[in-house]
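Whatever order the structure lists ligands and atoms in, that order sets their numbers, starting from 1.
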Amino acid sequence: MILAAKYARENNVPYLGICLGMQISVIEFARSVLRLEKANSEEFDPHTPDLVVIFMPEGSKTHMGSTMRLGSRKTLFQTPDCIMSKLYNNSKHVDERHRHRYEVNPEVVGTLEEAGLRFVGRDETGKRMEILELPGHPFYVGVQFHPEYKSRPGRPSAPFLGLIMAATGQLEAHDKTQQNGSI
Ligand SMILES: NC(=O)CC[C@H](N)C(=O)O
């Protein structure tokens with residue numbers, strides 16, 4: 001998974017990382033761009049000095065069943081100037097469903113952003129990362145939530161629509177139509 005994320009990032013291949021897929025893109029970015037070779041998630045290597053994905057503080061490691069962060073939660077866009085905000089019809093926030101125990105370490109967010117990754121969607125506290133993008137890449141997106149839960153035949157969830165449009169060269173045209181407000 002890490003090599004796939006690296007290949008997509010370096011070769012401008014559209015990438016949509018969902019949940020663990022977003023966490024993987026953070027690990028890959030930290031290893032390759034920040035040169036933190038041991039960057040990892042607490043889930044895979046709890047003793048690494050470079051924990052870029054951590055166990056969420058409110059979770060319990062002994063009672064797995066009911067401790068996941070589950071269900072619909074609000075993600076606030078930090079800027080209208082990002083691919084995902086446009087795909088979600090320029091909304092200021094989205095409600096998507098979650099199912100995870102780990103999250104991007106809030107302590108490394110500043111360093112990741114200084115190196116070029118952008119966390120364009122966050123929860124209401126601003127400390128939990130929900131959507132990442134890589135400016136300059138045609139479509140490099142990670143989402144901590146699970147857009148598949150709300151995707152329907154004929155009414156695809158925004159991240160999937162974006163991925164397919166980027167892969168088929170239609171994303172730019174779609175963005176322009178959104179800006180003109182004609183959809
Ligand atoms: N649904 C997932 O991909 C879970 C990812 C990761 N294991 C977490 O709990 O955060």
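Evaluated for a side-chain hydrogen bond (donor to acceptor under 3.5 Å, both in side chains) with His98, the options Arg128, Glu130, Gln144, His146 yield exactly one hit, Glu130.
Taking all heavy atoms of Cys19, Ser41, Gly21 into account, the minimum distance to atom 5 (C) of ligand 1 is reached by Cys19.
Residues Thr48 and Asp50 have side chains that never bring a donor and an acceptor to within less than 3.5 angstrom of each other.
Looking at ligand 1, you'll find an N or O of Leu20 within less than 3.5 Å of one of its N or O atoms.
Between Lys86 and Glu172 there is no salt bridge, since none of the side-chain N atoms of the basic residue sits less than 4.0 Å from a carboxylate O of the acidic one.
At a heavy-atom distance under 4.0 Å, only side-chain atoms of Glu43, from C-beta outward, approach ligand 1. Contact annotation for Arg99 and ligand 1: only backbone heavy atoms (N, CA, C, O) come within less than 4.0 Å of the ligand. The residue Met68 has no part lying near ligand 1, judged by heavy-atom distances below 4.0 Å.
Between Val109 and Val104 the shortest side-chain heavy-atom distance falls below 4.5 Å.
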- Hey, mind stepping through Lys150 and Asp95 against side-chain contact (heavy atoms from CB on, under 4.5 Å) and telling me if it holds? CA-CA 10 Å; Lys150 287 190 169 177; Asp95 293 295; 4.1 Å; yes
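In the vicinity of His146, heavy-atom distances shorter than 4.0 Å reach the ligand 1 atoms 1 (N).
Taking CZ of Arg99 as the start and OH of Tyr149 as the end, the distance is 5.0 Å to the nearest 0.5 Å.
Residue-ligand proximity: Gln23 is placed with a non-hydrogen atom under 4.0 Å from ligand 1.
For atom 8 (C) of ligand 1, the closest non-hydrogen atom of the protein is Arg101 N, 3.4 Å.
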